[in-house]
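Counting convention: from 1, in listed order, for ligands and their atoms alike. Because only heavy atoms are used, hydrogens play no part in the values below, and waters and symmetry mates are left out as well, while side chains stay in.
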Amino acid sequence: MKKYNVCMVGIGAVGTEIVRLLRKRNFPMAKLTAFARSERTEMIDGLPVEVKVATGPESFRGYDFAFFAGTEGAKGASKTLGWEAASVGCTVIDNGDDFRMDPRVPLCIPEINPEALRANQNFVSNPNCSTAIALMPLYALHKEAGIKRIVCCTYQAVSGAGAAAIRELADETRAWAAGEPMPEHKVFPAQIAFNVVAQIGSESKDMPGYTSEEVKLGRETRKILGDDSIQVVSTCVRVPVFNSHSEALHVEFHRPLSPERAREILSHTPGVKVLDDLAASEFPTPIAATGHYDAFVGRIRKDPTVENGLSLFVSGDNIWKGAAQNAIQIAEKMIEMGLK
Ligand SMILES: NC(=O)c1ccc[n+]([C@@H]2O[C@H](COP(=O)([O-])OP(=O)(O)OC[C@H]3O[C@@H](n4cnc5c(N)ncnc54)[C@H](OP(=O)(O)O)[C@@H]3O)[C@@H](O)[C@H]2O)c1
């Protein structure tokens, strides 16, 4: 079997899980290198990963895949190095938001729109973590009954904001337990321990009053499902959970869809696990979803306030399916489709 030279840019919360999952999934790797802002050796699960600093296109020559998990924005890794890596034949799979809506770039969840990969120009984007987790159950229901509108409320884990955010929740919790003064919050706009914070990202210029995270959910859903008519409105909230995002989804369909039929469809949908027995207190939780490939879905019920409405609750590992796992699945799918 052919083996591939793999590199990654960024070795924080997502980058570390990319390394773990490449090993766990036995990705056919000949070589693995990490690039970050300083040279060093990182130990991940007792095995060393060599970390270098990428300086330009030449750093990526000879690599088949580059998983980008650095920071976003003008000075971020994807904007400064992404297309340079692509220019020397290395396929970039980018976890950030910089190019998700770029018409040159497929935005892919392999279970949903693998065919989008055929148009890749050595650059593919991974969706936002909340989009990926919501769409895992929704795509199958969309095929059945056609989604008209989604109202989404998220309960997002701190790991979604990176390694420094995980430390911030741990430090605040430790200070509270020791009866010490609360440390100054640096990553989140308010104390996150024992609190909920209704701001993820900055205020959107396109949709004043909404945050960048809330806008991403709508536009990425339309691009991935290939349907510009789907309306999405959301409130994205950070909660004091270390890992795995949860979302309450209230969905209006074009055609009728009963909870029983939805449950039956979802029980056969790849990448989805149904946990839905309210009487037995069985429903998805972020703790249960952590470390699983599937998105967990439950609380499937009729929404009696609209025609053809269904409500459901989903929890999924934002670092796995919401980032590292989906990125690796894209590479695996490209190999399977003969694109690499
Ligand atoms: N966390 C999630 O659930 C999630 C989900 C979906 C997408 N994402 C996206 O994935 C990306 C990474 O997120 P994260 O949570 O892993 O962040 P993180 O924990 O803060 O780690 C960032 C890593 O990127 C490296 N880096 C930053 N700027 C760089 C540059 N210009 N060149 C090379 N390396 C650079 C850092 O290097 P040093 O170690 O040397 O400082 C660090 O290793 C972000 O774009 C984020 O939006 C995250």
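Of the polar atoms of A163, at least one N or O is found under 3.5 Å from an N or O of ligand 1, judged by distance alone. For ligand 1, the polar-atom distance check against C129 finds no nitrogen or oxygen pair separated by under 3.5 Å. When only interatomic distances are considered, the shortest N/O to N/O separation between G10 and ligand 1 does not fall below 3.5 Å. Below 3.5 Å of separation, one finds no N or O of G76 facing any N or O of ligand 1. Looking at ligand 1, you won't find any N or O of N128 less than 3.5 Å from one of its N or O atoms. For ligand 1, the polar-atom distance check against I11 finds a nitrogen or oxygen pair separated by under 3.5 Å.
Counting protein heavy atoms only, atom 27 (C) of ligand 1 is closest to T71 OG1, 3.3 Å. In terms of protein heavy-atom proximity, atom 11 (C) of ligand 1 is closest to G70 O, 3.1 Å. The nearest heavy-atom contact from the protein to atom 4 (C) of ligand 1 is V14 CG2, 3.6 Å. With respect to atom 6 (C) of ligand 1, the closest heavy atom belonging to the protein is G322 O, 3.3 Å. Nearest protein heavy-atom neighbour of atom 8 (N) of ligand 1: N95 O, 3.9 Å. Nearest non-hydrogen protein atom to atom 32 (N) of ligand 1 is A77 CB, 3.8 Å. For atom 21 (O) of ligand 1, the closest heavy atom belonging to the protein is G12 CA, 3.3 Å. Regarding atom 22 (C) of ligand 1, its nearest protein heavy-atom neighbour is A69 O, 3.9 Å.
A cation-pi contact, defined as under 6.0 Å to the ring centre and within 45° of the axis, links R104 to W83. Relative to the ring axis of Y293, R25 places its NZ or CZ within 45° and under 6.0 Å from the centre.
Residue contact check: A323 has heavy atoms under 4.0 Å from atoms 5 (C), 6 (C) of ligand 1. Close approach to I319 involves these atoms of ligand 1, each under 4.0 Å from a residue heavy atom: 1 (N), 2 (C), 3 (O). Taking a cut-off of under 4.0 Å to the non-hydrogen atoms of S159, the atoms of ligand 1 that pass are 1 (N), 2 (C), 3 (O). With ligand atoms numbered from 1 in the order given, ligand 1 contributes 38 (P), 39 (O), 40 (O) to contacts under 4.0 Å with heavy atoms of R40. Close approach to K75 involves these atoms of ligand 1, each under 4.0 Å from a residue heavy atom: 31 (N). Ligand-side atoms of ligand 1 in range of V9: 33 (C), 34 (N), range being under 4.0 angstrom from any heavy atom. Those atoms of ligand 1 that come under 4.0 Å of a heavy atom in E72, given as number and element, are 45 (O), 46 (C), 47 (O). For ligand 1 and S38, the ligand atoms under 4.0 Å from any heavy atom of the residue are 40 (O).
Taking the six-membered ring where tryptophan is involved, the planes of F60 and F68 are essentially parallel, since the angle between them stays under 30° and well short of 60°. The aromatic rings of F67 and F27 sit perpendicular to each other, their planes meeting at more than 60°, with 30° as the lower class boundary.
Between the side chains of N128 and E213, at least one donor N or O lies within less than 3.5 Å of an accepting N or O. Under the 3.5 Å distance criterion, with hydrogens and angles disregarded, no donor-acceptor pair is assigned to the side chains of D64 and T91. Side chains of T33 and Y63: a donor on one and an acceptor on the other come within 3.5 Å. Side-chain atoms of S258 and K302 include no donor-acceptor pair closer than 3.5 Å.
Among E17, R37, M8, the residue whose heavy atom lies closest to atom 26 (N) of ligand 1 is R37. Closest heavy-atom approach to atom 17 (O) of ligand 1 among the candidates A324, G160, G162, A327: G162.
Contacts between A164 and ligand 1, counted as non-hydrogen atom pairs separated by less than 4.0 Å, are absent for every part of the residue.
Side chain of R118 to backbone of A116: no donor-acceptor contact under 3.5 angstrom is found. No donor-acceptor pair closer than 3.5 Å links the side chain of D294 to the backbone N or O of F296.
In summary, of the residues considered (D97, D228, D206), a salt bridge (Lys or Arg N to Asp or Glu O under 4.0 Å) with R219 occurs for D97 alone.
For the pair T80 and ligand 1, no heavy-atom separation below 4.0 Å is found.
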